[in-house]
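Heads up, the thing below is written out as structure tokens.
Scope of the values below: all heavy atoms of this structure, side chains included, with no hydrogens, waters or symmetry mates. What you see is a predicted model, and the numbers here were worked out from it, not measured in a lab.
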Amino acid sequence: MLWIVRFSGFFSAAMVTIILSPSLQSFPPAEAIRSSHLDGFLRLPVQMPPADTVDRFSFRRASTFHNAGECSFNQSEISGDLSVCDPSLVHVAITLDVEYLRGSIAAVHSILQHSLCPESIFFHFLVSETNLESLVKSTFPELKFKVYYFDPKIVRNLISTSVRQALEQPLNYARNYLVDLLEPCVRRVIYLDSDLVVVDDISKLWSTSLGSKTIGAPEYCHANFTKYFTAGFWSDKRFAGTFAGRKPCYFNSGVMVIDLVKWRRLGYTKRIERWMEVQKSDRIYELGSLPPFLLVFAGHVAPIEHRWNQHGLGGDNVRGSCRDLHPGPVSLLHWSGSGKPWVRLDSKQPCPLDALWAPYDLYGHGQ
């Protein structure tokens with residue numbers, strides 16, 4: 001795990017002390033079409049983006065990560081014939097798109113590097129473009145993964161304008177449809193945003209008990225929950241009454257453990273879509289994909305330790321100003337907000353904490 005000791009002053013982050021635990025390795029939309037390096041080529045009825053859009057990315061090949069001796073092995077792992085339905089797997093879902101591709105690759109790299117059993121992790125990549133799979137293969141040749149096409153048309157008419165254009169991208173809403181995209185045999189999944197790195201063994205997050213709840217996430221009950229909805233929302237009893245009998249707390253939907261069986265049984269995708277339809281007619285919030293999650297789940301979330309989402313490192317949604325860390329241990333660093341570490345590093349105007357993202361960056365021109 002990563003411990004960060006803070007000193008007084010905002011720029012104390014530049015003086016962080018990092019101690020790595022010895023246990024860590026050093027290094028229903030029917031239109032959803034599934035494919036992977038296990039299934040052959042990607043068969044998607046969509047227009048390919050210009051070749052030079054993706055060709056401008058060149059990533060170094062990552063080291064090969066192997067399971068430690070104490071990891072449990074079954075016969076399918078030994079033979080290399082591991083199925084996505086294998087019950088021993090840890091499932092991680094993350095989006096892949098050109099704008100955030102560098103972040104997604106760094107996130108995967110960080111997960112593998114800090115996992116005791118990296119060969120037991122299966123990645124589910126959600127895409128709306130068709131030529132990203134080969135890039136993943138070349139960067140992580142031994143990675144267990146599958147690519148799932150998310151048709152933007154599914155949500156295009158449900159998306160409202162937001163405070164930041166990036167929050168309006170259809171792929172941001174793919175997390176709402178995981179039960180339809182992933183195989184039914186996948187009963188639980190960790191959903192992660194693309195602008196984060198994991199600095200602890202992700203199996204610890206995977207083993208979180210959800211109890212009777214459908215999702216688990218770090219909650220922040222001290223946050224001003226009312227600011228996530230408009231004055232019109234709170235003044236209308238039809239809407240504000242949604243939280244009656246609940247103790248809603250803010251949570252960030254970029255890090256969630258999801259029980260897909262319960263989600264499917266209780267029809268949460270349709271519930272989220274209904275709130276998105278209300279938003280189109282009544283304008284009850286200003287942010288993107290987060291408020292519908294708050295409307296459906298706030299007050300019904302299995303709490304997870306805050307260490308698993310040190311979020312807000314990208315600053316606010318407008319200026320992307322530098323932020324300091326919250327006190328306490330850190331297992332996941334999340335650059336939510338408008339400022340992204342790869343952009344700030346390339347512009348030679350990084351925030352102090354961006355240096356903690358840089359070691360996982362595999363991007364390199366022509367390498």
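Listed here is the closest heavy atom pair of Met276 and Pro292: CG-CG, 4.0 Å. For the residue pair Gln113 and Phe65, the shortest heavy atom distance occurs at CA-CE2, 3.7 Å. The minimum heavy-atom distance linking His334 with Asn309 is given by the pair ND1-OD1, 3.0 Å. The two residues Glu133 and Val147 make their nearest non-hydrogen contact at CG-CG2, 4.0 Å. Here the closest non-hydrogen pair linking His114 and Val198 is CD2-O, 3.1 Å. Contact between Phe150 and Ile154 at its shortest, heavy atoms only, is CE1-CD1, 4.1 Å.
Residues Arg102 and Asp346 form a side-chain contact, since some pair of their non-hydrogen atoms from C-beta on lies under 4.5 Å apart. Put simply, the side chain of Leu192 reaches to within 4.5 Å of the side chain of Val255, judged on heavy atoms. Here the side chains of Phe59 and Leu101 are in contact, with some heavy-atom distance below 4.5 Å. Residues Leu333 and Trp357 are not in side-chain contact: their nearest non-hydrogen atoms beyond the backbone lie 4.5 Å or more apart. Contact check for Val330 versus Leu356: no side-chain heavy atoms found under the 4.5 Å cut-off. In this structure, Val84 and Leu182 have side chains that are not in contact, with every pair of non-hydrogen atoms separated by 4.5 Å or more.
Under the 4.5 Å side-chain contact rule for hydrophobic residues, Leu266 and Val179 share a cluster. In the hydrophobic clustering of ILVMFWY residues, with side-chain heavy atoms under 4.5 Å counting as a link, Val92 and Val261 come out apart.
When atom types are taken as modelled, the side chain of Ser58 and the backbone of Gly364 share a donor-acceptor pair closer than 3.5 angstrom. The main-chain N or O of Gly337 is found under 3.5 Å from a side-chain atom of Lys340 such that the two form a donor-acceptor pair. No donor-acceptor pair closer than 3.5 Å links the side chain of Arg175 to the backbone N or O of Ser289. Distance alone, capped at 3.5 Å, is enough to place a donor-acceptor pair between the Arg60 side chain and the Asp361 backbone. The backbone N or O of Val199 sits nowhere less than 3.5 Å from a side-chain atom of Ser110 that would complete a donor-acceptor pair. Remark: the backbone N or O of Trp206 is not paired with any side-chain donor or acceptor of Ser203 at under 3.5 angstrom. Gln310 places a side-chain N or O within donor-acceptor distance of the main-chain N or O of His326, the cut-off being under 3.5 Å. A donor-acceptor pair is defined here as one N or O able to donate and one able to accept, closer than 3.5 Å; such a pair exists between the side chain of Ser336 and the backbone of Gly312. Between the side chain of Asp193 and the main chain of Asp195, no donor-acceptor pair closer than 3.5 Å is present.
Aromatic ring centres of Phe229 and Phe239 lie farther apart than the 6.0 Å criterion allows. Here His300 and Tyr268 keep their ring centres 6.0 angstrom or further from each other.
A salt bridge does not link Arg274 to Glu277: none of the charged side-chain nitrogens sits closer than 4.0 Å to a carboxylate oxygen. Under a 4.0 Å N-O distance rule, the pair Arg156/Asp151 does not qualify as a salt bridge. Salt-bridge annotation for Lys144 and Asp86: absent, with no side-chain N of the basic residue lying under 4.0 Å from a carboxylate O of the acidic one.
Here the rule is side chain to side chain contact (heavy atoms under 4.5 Å, CB included) with Ile190, and of Ile202, Ile121, Ile111, Ile94 only Ile202 fits it. Among the candidates His124, Arg187, Arg188, Glu183, the single residue satisfying the side-chain hydrogen bond (donor to acceptor under 3.5 Å, both in side chains) test with His91 is His124.
Side-chain atoms of Ser120 and Asn67 form a donor-acceptor pair, as typed in the model, at a separation below 3.5 Å. At a cut-off of 3.5 Å, with distance as the only test, no side-chain donor of Tyr173 or Glu273 sits close to an acceptor on the other residue. The closest side-chain donor-acceptor pair between Trp335 and Asp354 falls under 3.5 angstrom.
Ring geometry for Tyr250 versus Tyr220: interplanar angle of 30 to 60°, hence tilted. Between Phe293 and Trp263, the two ring planes are tilted [angle within 30° to 60°]. Aromatic ring pairs are classed by plane angle as parallel below 30°, tilted from 30° to 60° and perpendicular above 60°; the pair Phe123 and Phe125 is parallel.
Here the CG atom belonging to Leu112 is positioned 12.0 Å from the SG atom belonging to Cys117, to the nearest 0.5 angstrom. If you take CG on Asp200 and CG on Leu116, they are separated by 11.0 Å, rounding to the nearest 0.5 Å. Rounding to the nearest 0.5 Å places CZ of Phe122 at 9.0 Å from SG of Cys85. In this structure, OG in Ser115 is found 10.5 Å from NZ in Lys204, a value given to the nearest 0.5 Å.
In this structure, Lys247 places its NZ atom where only 12 or fewer heavy-atom neighbours from other residues, nucleotides or ligands lie under 6.0 Å away. Applying the 6.0 Å contact sphere to CZ of Arg246 captures more than 12 heavy atoms from other residues, nucleotides or ligands.
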Throw together a table of side-chain donor-acceptor distances under 3.5 angstrom for residues 210-219, partners on residues two or more places apart or in other chains.
none

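Sorted by first then second residue, the disulfide bond (SG atoms under 2.5 Å apart) pairs that include residues 215-246, not counting sequence neighbours, are Cys221-Cys249.
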